[in-house]
Amino acid sequence: QVQLVESGGGLVQAGGSLRLSCAASGSRFRINGMGWYRQAPGKQRELVAGIRSGGTANYADSVKGRFTISRDNDKNMVYLQMNSLEPEDTAVYYCAAGYYNSDFETIPYDYWGQGTQVTVSS
């Protein structure tokens, strides 16, 4: 099994920044792709950003240019730097991880953290 623990959420004013962190432990050989999802009240969970073991990243259109995902493979950590935050970014943010077999394959996120609340005030 893989355990994911997020940290770094909180309350911030619009235009501000936050950095989320996620620590992976357990059977880490079961994962090579990591990402961040978010779920706002009354909305479906959506992929914010994902990153492969070599560092290739993808982003939701709504966060491109504002958010940056990164990872430290030695420390088994993944980060989400969020800049120019908007009230629409308010959501519970979840760390996710999975194992993909090919760079042409969508990362299957099989493991999830408990989530961390991000609230952006206007």
Side-chain angles (χ1 to χ4, degrees):
Q1 283 293 338
V2 174
Q3 293 79 44
L4 303 173
V5 178
E6 304 100 334
S7 61
L11 173 64
V12 65
Q13 288 188 332
S17 299
L18 280 176
R19 187 192 193 211
L20 304 183
S21 300
C22 174
S25 61
S27 302
R28 296 188 294 270
F29 66 91
R30 294 178 180 267
I31 62 173
N32 55 6
M34 302 187 77
W36 291 93
Y37 276 73
R38 68 185 180 187
Q39 187 166 21
K43 294 187 177 181
Q44 289 188 330
R45 190 174 296 190
E46 63 173 352
L47 177 66
V48 176
I51 187 167
R52 297 179 184 268
S53 58
T56 302
N58 62 285
Y59 297 91
D61 288 343
S62 58
V63 306
K64 283 181 181 176
R66 300 189 298 123
F67 291 11
T68 303
I69 188 171
S70 61
R71 64 189 291 170
D72 185 329
N73 292 331
D74 291 337
K75 295 182 179 179
N76 297 301
M77 298 285 294
V78 65
Y79 307 95
L80 186 67
Q81 178 66 44
M82 306 185 292
N83 298 329
S84 302
L85 282 162
E86 304 167 351
E88 293 73 23
D89 296 316
T90 296
V92 177
Y93 283 71
Y94 297 90
C95 179
Y99 190 91
Y100 61 93
N101 295 293
S102 165
D103 284 339
F104 300 100
E105 174 189 351
T106 301
I107 299 173
Y109 292 105
D110 297 319
Y111 304 99
W112 296 85
Q114 293 298 308
T116 184
Q117 177 70 46
V118 171
T119 303
V120 184
S121 63
S122 57

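All residue numbers in this chain count up from 1 along the given sequence. Below, each value reflects all heavy atoms present in this structure, side chains not excepted, and no hydrogens, waters or symmetry copies.
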Treating Ile, Leu, Val, Met, Phe, Trp and Tyr as nodes and any side-chain heavy-atom pair under 4.5 angstrom as an edge, say whether [X] and [Y] lie in one connected cluster.
X: Ile51; Y: Leu80; answer: yes
X: Ile107; Y: Tyr37; answer: yes
X: Val48; Y: Tyr94; answer: no
X: Leu47; Y: Trp112; answer: yes

key: side-chain contact (heavy atoms from CB on, under 4.5 Å) assessment of Asp103 paired with Thr56   = CA-CA 9 Å; Asp103 284 339; Thr56 302; over 6 Å; no

Testing the basics here: between [X] and [Y], what is the closest heavy-atom pair and its distance to 0.1 Å?
X: Gly9; Y: Leu20; result: N-CD2, 3.6 Å
X: Ala40; Y: Ala91; result: N-CB, 3.8 Å
X: Cys22; Y: Met34; result: SG-CE, 4.5 Å
X: Ser84; Y: Arg66; result: O-NH1, 3.0 Å

Sub-3.5 Å donor-acceptor pair from the side chain of [X] to the main-chain atoms of [Y], do we have one?
X: Glu46; Y: Arg38; answer: no
X: Asn76; Y: Ser25; answer: no
X: Arg71; Y: Gly54; answer: no
X: Ser27; Y: Val2; answer: no
X: Glu6; Y: Gln114; answer: yes
X: Thr90; Y: Val120; answer: yes

Atom [atom1] of [X] and atom [atom2] of [Y]: how far apart are they, to the nearest 0.5 Å?
X: Arg52; Y: Asn58; atom1: CZ; atom2: CG; value: 7.0 Å
X: Asp89; Y: Ser62; atom1: CG; atom2: OG; value: 7.0 Å
X: Ser122; Y: Glu86; atom1: OG; atom2: CD; value: 12.0 Å
X: Arg45; Y: Tyr109; atom1: CZ; atom2: OH; value: 13.0 Å

Is the shortest heavy-atom distance from the side chain of [X] to the side chain of [Y] under 4.5 Å?
X: Ser21; Y: Met77; value: yes
X: Ile31; Y: Tyr99; value: no
X: Trp36; Y: Cys95; value: yes
X: Met82; Y: Val118; value: yes
X: Phe67; Y: Leu85; value: yes

task = May I ask you to check whether over 12 heavy atoms, not counting those of Gln44, lie within 6.0 Å of atom CD?
result =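 Check fails, neighbour count at 12 or below.
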
request  = Kindly check if the number of other-residue, nucleotide or ligand heavy atoms within 6.0 Å of CD (Gln3) is above 12?
outcome  =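 Atom CD in Gln3 is packed in, count exceeds 12.
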
task = Determine, for Tyr111 and Arg30, whether the Lys NZ or Arg CZ falls below 6.0 Å from the six-membered ring centre while staying within 45 degrees of the axis.
result = no

ask   = Cut-off 3.5 Å, side chains only: do Tyr79 and Thr68 have a donor facing an acceptor?
value = no

